[in-house]
Amino acid sequence: MGLGLQLVTERIGDGNGQPLLDSSTGEELMLVQPSVAIVLGNRQPEPPGTLYISTKKVVWLSDTDREKGYAVDFLSVSLHAVSRDPEAYASPCIYTQIDVGEDEESEGSDSECNENLELSKITEMRLVPSDPNQLDTLFEIFCECAELNPEPVEESGEENEWFFGVEQTQDNTNAGEDSVWHFSETIANPIGYANGDHELARTGILELRIDDERFEDAEESEGETHRGH
C-alpha cells in the first residue's frame with residue numbers, strides 16, 4: 001500500500017468477508033471489532049461496519065456493501081488518540097491523522113480511480129465504536145501496532161558547512177606550513193555531525209580548528225608596538 005487512505009474492494013471468505021493480509025511480510029490480524037462507524041474528513045459517517053486491525057494496517061469494511069471498505073497503513077498514521085470531547089466530535093472515537101505524502105496525479109477516469117484520488121487527500125479519520133467502552137482497547141492495539149511499524153530513518157543528504165573534504169584540506173595545507181588554519185584528522189570535539197553519526201570522523205572529513213598560539217603571538221606583538229609609542 002502507498003501513503004494515505006486506500007479504497008478496499010476485495011475480501012476473502014464468505015458472508016461479509018475479511019481483508020486480505022500479506023502473509024509474505026508476516027502480517028497478522030490483531031483485533032476484529034464489529035459495529036464501528038467510520039468518518040473520513042468532513043464527510044458524513046458511514047453506517048457501522050467491522051474494524052480489522054493487523055500488524056501492518058487498519059481496515060474498515062462495510063457490513064452492507066461488500067465492495068466498500070477503507071484501509072490505511074500504520075506508516076501513514078501520523079497521530080492517533082482517544083477523543084471524548086463532545087466539542088471536538090459528537091461521539092467518543094479514535095481520532096487519527098493521516099500522512100498523505102506528496103500529491104500525485106491519478107491516471108484514468110473510472111469511478112474507482114476518482115474515489116482513490118479523493119481518498120488520497122483525506123488527512124483525518126475517526127473510528128466510532130457503538131460501545132464507547134471499547135475505546136481504550138482500540139487505543140492500546142493502535143499503540144502496539146504503531147510500535148511495530150516505526151518510521152523509516154532517512155539518511156541526511158545535507159552538507160555541513162563546518163566540515164571540509166580531504167582535497168580541500170590538502171590545498172590549504174600545501175599553501176605553507178605557516179598557515180593560520182590547521183586541520184586535524186583526530187576529532188576529539190567535532191563541531192557538528194549529521195544525525196549523530198560519528199562515522200563522519202572516519203571517512204576523511206576533518207575538523208577545522210584555529211591555531212590559538214598564532215593569535216596569542218600576534219596580540220603580544222601588537223601590545224609591544226603600543227608600548228614602544
In one Ile/Leu/Val/Met/Phe/Trp/Tyr side-chain cluster, 4.5 Å: [X], [Y]:
{"X": "I94", "Y": "V39", "answer": "no"}
{"X": "V8", "Y": "L75", "answer": "no"}
{"X": "V77", "Y": "I53", "answer": "yes"}
{"X": "L21", "Y": "V32", "answer": "yes"}
{"X": "I122", "Y": "V72", "answer": "yes"}

Pairwise side-chain contact, [X] with [Y], heavy-atom cut-off 4.5 Å (strictly under):
{"X": "M30", "Y": "K56", "value": "no"}
{"X": "S120", "Y": "V100", "value": "no"}
{"X": "L51", "Y": "L61", "value": "no"}
{"X": "V58", "Y": "D73", "value": "no"}

Examine distances only and state if a side-chain atom of [X] and a backbone atom of [Y] form a donor-acceptor pair shorter than 3.5 Å.
{"X": "S76", "Y": "G4", "value": "yes"}
{"X": "D65", "Y": "E67", "value": "yes"}
{"X": "T96", "Y": "M125", "value": "yes"}
{"X": "S23", "Y": "G26", "value": "no"}
{"X": "N149", "Y": "T55", "value": "yes"}

Can you name the closest pair of heavy atoms from [X] and [Y] and give their distance?
{"X": "K57", "Y": "A71", "result": "CD-CB, 4.5 Å"}
{"X": "S54", "Y": "C145", "result": "O-SG, 3.4 Å"}
{"X": "P129", "Y": "P92", "result": "CD-O, 4.0 Å"}

Next item on the list: Kindly indicate, with the supporting measurements, whether the criterion side-chain contact (heavy atoms from CB on, under 4.5 Å) is fulfilled by Q33 and T137.
Entry: CA-CA 10 Å; Q33 182 65 50; T137 299; 5.9 Å; no
Margin query: Could you work out, with salt bridge (charged side-chain N to carboxylate O under 4.0 Å, His left out) as the rule, every residue matching R66, not counting sequence neighbours?
Written below: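 If we apply the salt bridge (charged side-chain N to carboxylate O under 4.0 Å, His left out) test to R66, skipping adjacent residues, there are no hits.
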To the nearest 0.5 Å, how far apart are [atom1] in [X] and [atom2] in [Y]?
{"X": "L5", "Y": "T123", "atom1": "CG", "atom2": "OG1", "result": "10.5 Å"}
{"X": "I98", "Y": "K121", "atom1": "CD1", "atom2": "NZ", "result": "15.0 Å"}
{"X": "H80", "Y": "L127", "atom1": "NE2", "atom2": "CG", "result": "11.5 Å"}
{"X": "S62", "Y": "N16", "atom1": "OG", "atom2": "CG", "result": "8.0 Å"}
{"X": "E27", "Y": "L148", "atom1": "CD", "atom2": "CG", "result": "11.5 Å"}
{"X": "L40", "Y": "E118", "atom1": "CG", "atom2": "CD", "result": "11.5 Å"}

Item checked: Parallel, tilted or perpendicular, as decided by the 30° and 60° cut-offs, for the rings of Y70 and W60 ->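 Plane angle under 30°, so parallel.
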Note to self: Test: side-chain hydrogen bond (donor to acceptor under 3.5 Å, both in side chains). Region: residues 86-95. Which pairs qualify, not counting sequence neighbours?
What the structure shows: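 Non-adjacent pairs meeting side-chain hydrogen bond (donor to acceptor under 3.5 Å, both in side chains): Y95-Q97, Y95-E124.
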Note to self: What verdict does the side-chain contact (heavy atoms from CB on, under 4.5 Å) test give for E10 and L20, after you've listed the backbone C-alpha separation in whole Å, the side-chain angles of each residue and the deciding distance to 0.1 Å?
What the structure shows: CA-CA 8 Å; E10 296 183 1; L20 294 167; 3.7 Å; yes
Next item on the list: Begin with the C-alpha distance, continue with both residues' side-chain angles, and end with the deciding distance and a verdict on side-chain contact (heavy atoms from CB on, under 4.5 Å) for D131 and S35.
Entry: CA-CA 8 Å; D131 181 5; S35 300; over 6 Å; no
Next item on the list: Please check if atom CG in D85 has more than 12 non-hydrogen atoms from other residues, nucleotides or ligands closer than 6.0 Å.
Entry: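 Enclosed.
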Next item on the list: Apply side-chain contact (heavy atoms from CB on, under 4.5 Å) to the pair V36 and V128, showing each step before the final yes or no.
Entry: CA-CA 5 Å; V36 177; V128 188; 5.6 Å; no
Check: Does a side-chain N-to-carboxylate-O contact under 4.0 Å join D63 and R11?
Finding: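 No.
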Margin query: Under a 4.0 Å threshold between the charged nitrogen and the carboxylate oxygen, would K68 count as salt-bridged to E46?
Written below: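 Salt bridge: yes.
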